Protein chains: 2
Amino acid sequence: MRIGKVAERAGVSVRALRYYEEQGLVIADRSPSGHRRYPESAVERVKFIQLLYAAGLASKAIRQILPFLDTLVATPQMTRRLMDERARIRVQIDALTRAQDRLDELIRLSAEYENAPATCSAT
Amino acid sequence: MRIGKVAERAGVSVRALRYYEEQGLVIADRSPSGHRRYPESAVERVKFIQLLYAAGLASKAIRQILPFLDTLVATPQMTRRLMDERARIRVQIDALTRAQDRLDELIRLSAEYENAPATCSAT
DNA sequence: CTTGATCCTCACGTTGACGTGAGGTTCTAG
DNA sequence: CTAGAACCTCACGTCAACGTGAGGATCAAG
């Protein structure tokens, strides 16, 4: 498959795919003229990469984790990285949840203000 | 209170506090010699700012929200911003949760590999 | 054969929340 | 009164995941 099709089906930019290759996350072989050729599996692989990026993992972390998908061989570094990132994500979810709760408070207060009759300018 | 003390008590760097002032998030008056003077309330304010930064809000968004804490007057922009950011945070939590689940899968597989007797080199 | 879509490789630009000196002033404890 | 801690204002550096041309080759269709 050519790069444009992979980009379309995985929902990323062509530039992003070239960047992933530069980072060693996706390996593409080349046609005689130098155009990248991807296997079908690349689409799912890229989607997975996007999932991890969206969770705040850096290229380096993803690079350490991805080989496991190919070989199903877990080195100690890979296992450690998996658990580290999982822990980090949990911490991040907790922080987001706290922020969400605080925003909910403010939204409630805001709604109360909107409904306060004496302070409404109109009507 | 002086900037160093605020930084220590709020758990941020002195540089960060100057940056917050530059962004209009924390207003400090000055001593005759030009040193920043903060009220006690600044510590809580900065902690709240940190909470929002940790949740991925940008300075601009925080700047739109913060006046509500002071005046308890909600403009339509503030209410909209509050709800937009809340929605964004929810989406982000969902993404993180999906990533967490995927990592859990991999961690399980990794553990199974570790326990596979035939593939252990030692012993 | 030609034309428009798609691809290639550089390589610099972007963004945000600070870090990090440089060079100088002010405060405070002894 | 003096040294060191703490403060000040520039102002450039950082880092990551791409965006965005520049300038050119290749491919698919008519």
Side-chain angles (χ1 to χ4, degrees), chain A residues 1-39 42 45-66 81 85 88-89 92 95-96 99, chain B residues 1-39 42 45-66 81 85 88-89 92 95-96 99:
Chain A
M1 201 175 355
R2 293 168 68 186
I3 194 172
K5 199 69 180 173
V6 177
E8 179 190 346
R9 287 177 52 186
V12 303
S13 69
V14 167
R15 176 67 176 103
L17 291 179
R18 298 208 184 100
Y19 177 73
Y20 296 164
E21 182 175 347
E22 188 182 323
Q23 296 299 310
L25 305 180
V26 179
I27 312 117
D29 50 348
R30 302 302 184 102
S31 75
S33 60
H35 288 192
R36 290 172 180 80
R37 290 298 183 178
Y38 295 88
R45 191 182 180 88
V46 169
K47 283 182 181 175
F48 181 61
I49 292 173
Q50 281 292 107
L51 181 77
L52 296 183
Y53 270 133
L57 276 80
S59 301
K60 184 180 174 184
I62 300 178
R63 190 163 46 236
Q64 277 187 21
I65 287 174
L66 272 178
R81 180 62 88 171
E85 294 296 340
R88 201 188 49 71
I89 288 173
Q92 182 67 11
L96 285 168
Chain B
M1 203 177 351
R2 293 168 67 184
I3 193 171
K5 199 68 180 175
V6 176
E8 179 190 346
R9 287 178 52 185
V12 303
S13 69
V14 167
R15 175 69 176 102
L17 291 179
R18 298 207 184 99
Y19 177 73
Y20 297 164
E21 182 175 346
E22 189 182 323
Q23 295 300 311
L25 305 180
V26 178
I27 311 118
D29 50 350
R30 302 303 184 101
S31 75
S33 60
H35 288 193
R36 290 171 180 80
R37 289 299 182 176
Y38 295 87
R45 190 182 181 90
V46 169
K47 283 184 181 173
F48 182 61
I49 292 173
Q50 281 292 108
L51 180 77
L52 296 182
Y53 270 132
L57 276 80
S59 300
K60 184 181 174 183
I62 301 178
R63 190 162 46 237
Q64 277 187 21
I65 288 174
L66 271 178
R81 179 63 87 169
E85 294 296 340
R88 200 188 50 70
I89 288 173
Q92 182 66 12
L96 285 168

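Everything quoted here is computed from the prediction, not taken from an experiment. Here is the naming used below: chain letters follow the sequence lines, and residue numbers restart at 1 for every chain. Worth knowing before you read on, the calculation uses all heavy atoms, side chains too, and leaves out hydrogens, waters and symmetry mates.
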Under the side chain to side chain contact (heavy atoms under 4.5 Å, CB included) test, residues paired with A/Ala55 that sit two or more places apart:
A/Leu57, A/Ile89, B/Leu96, B/Ala99
Rounding to an integer number of Å, can you tell me how far A/Leu52 CG sits from D/dC18 P?
12 Å
For a 4.5 angstrom cut-off between non-hydrogen side-chain atoms, does B/Leu17 reach B/Val26?
no
B/S/- contact track for nucleotides 22-30 of chain D, protein heavy atom under 4.0 Å
----SS---
The criterion is ring-ring contact (aromatic ring centres under 6.0 Å, His included); which residues satisfy it with B/Phe48, sequence neighbours excluded?
none
Please work out if A/Leu25 contacts a base, only the sugar-phosphate, or nothing of the nucleic acid, heavy-atom cut-off 4.0 Å.
nothing
In whole angstroms, the gap separating C1' of C/dC8 from CZ of A/Arg30 amounts to 8 Å
Measure the distance from CE on B/Met1 to C1' on D/dA6 and round it to the nearest whole Å.
16 Å
Expected list for residues 3-10 of chain A near DNA chain C, using heavy atoms below 4.0 Å, is A/Ile3, A/Gly4
Strand-adjacent residues in residues 11-21 of chain A, judged by heavy atoms under 4.0 Å from DNA chain C
A/Arg15, A/Arg18
Residue pair B/Arg30 / B/Arg36, side-chain heavy-atom distance below 4.5 Å
yes
Correct closest heavy-atom pair for A/Ala54 and B/Gln92 would be O-NE2, 3.4 Å
Sequence neighbours left out, what passes salt bridge (charged side-chain N to carboxylate O under 4.0 Å, His left out) with A/Arg81? Give chain and number order.
A/Glu85
With sequence neighbours excluded, what pairs up with B/Arg2 under the salt bridge (charged side-chain N to carboxylate O under 4.0 Å, His left out) test?
none
Could you state the atom-to-atom distance from CD of A/Glu22 to C1' of C/dT9 in whole Å?
11 Å
Short heteroatom pairs, N/O only, protein and nucleotides 2-5 of chain C, under 3.5 Å:
none

In whole angstroms, the gap separating C1' of D/dA16 from CG of A/Leu57 amounts to 13 Å
Residues B/Gln23 and B/Ser59: closest non-hydrogen pair is OE1-CB, 3.6 Å
Looking at residues at least two apart in the chain, or sitting in another chain, which of them share a salt bridge (charged side-chain N to carboxylate O under 4.0 Å, His left out) with A/Arg9?
A/Glu40
Nearest heavy atoms of A/Ile62 and A/Leu25, plus distance in Å:
CG2-CD2, 4.0 Å
Under the rule for salt bridge (charged side-chain N to carboxylate O under 4.0 Å, His left out), what residues qualify as partners of A/Arg18, not counting sequence neighbours?
none
Could you tell me the separation between the CD atom of B/Gln50 and the P atom of C/dA17, rounded to a whole number of Å?
11 Å
Name all residues meeting the ring-ring contact (aromatic ring centres under 6.0 Å, His included) criterion together with B/Tyr20; count only those two or more places apart in sequence or in a different chain, and write none if there are none.
B/Tyr53
Contacts of A/Ser13 meeting side chain to side chain donor-acceptor pair (under 3.5 Å) (sequence neighbours excluded), chain-then-number -> none
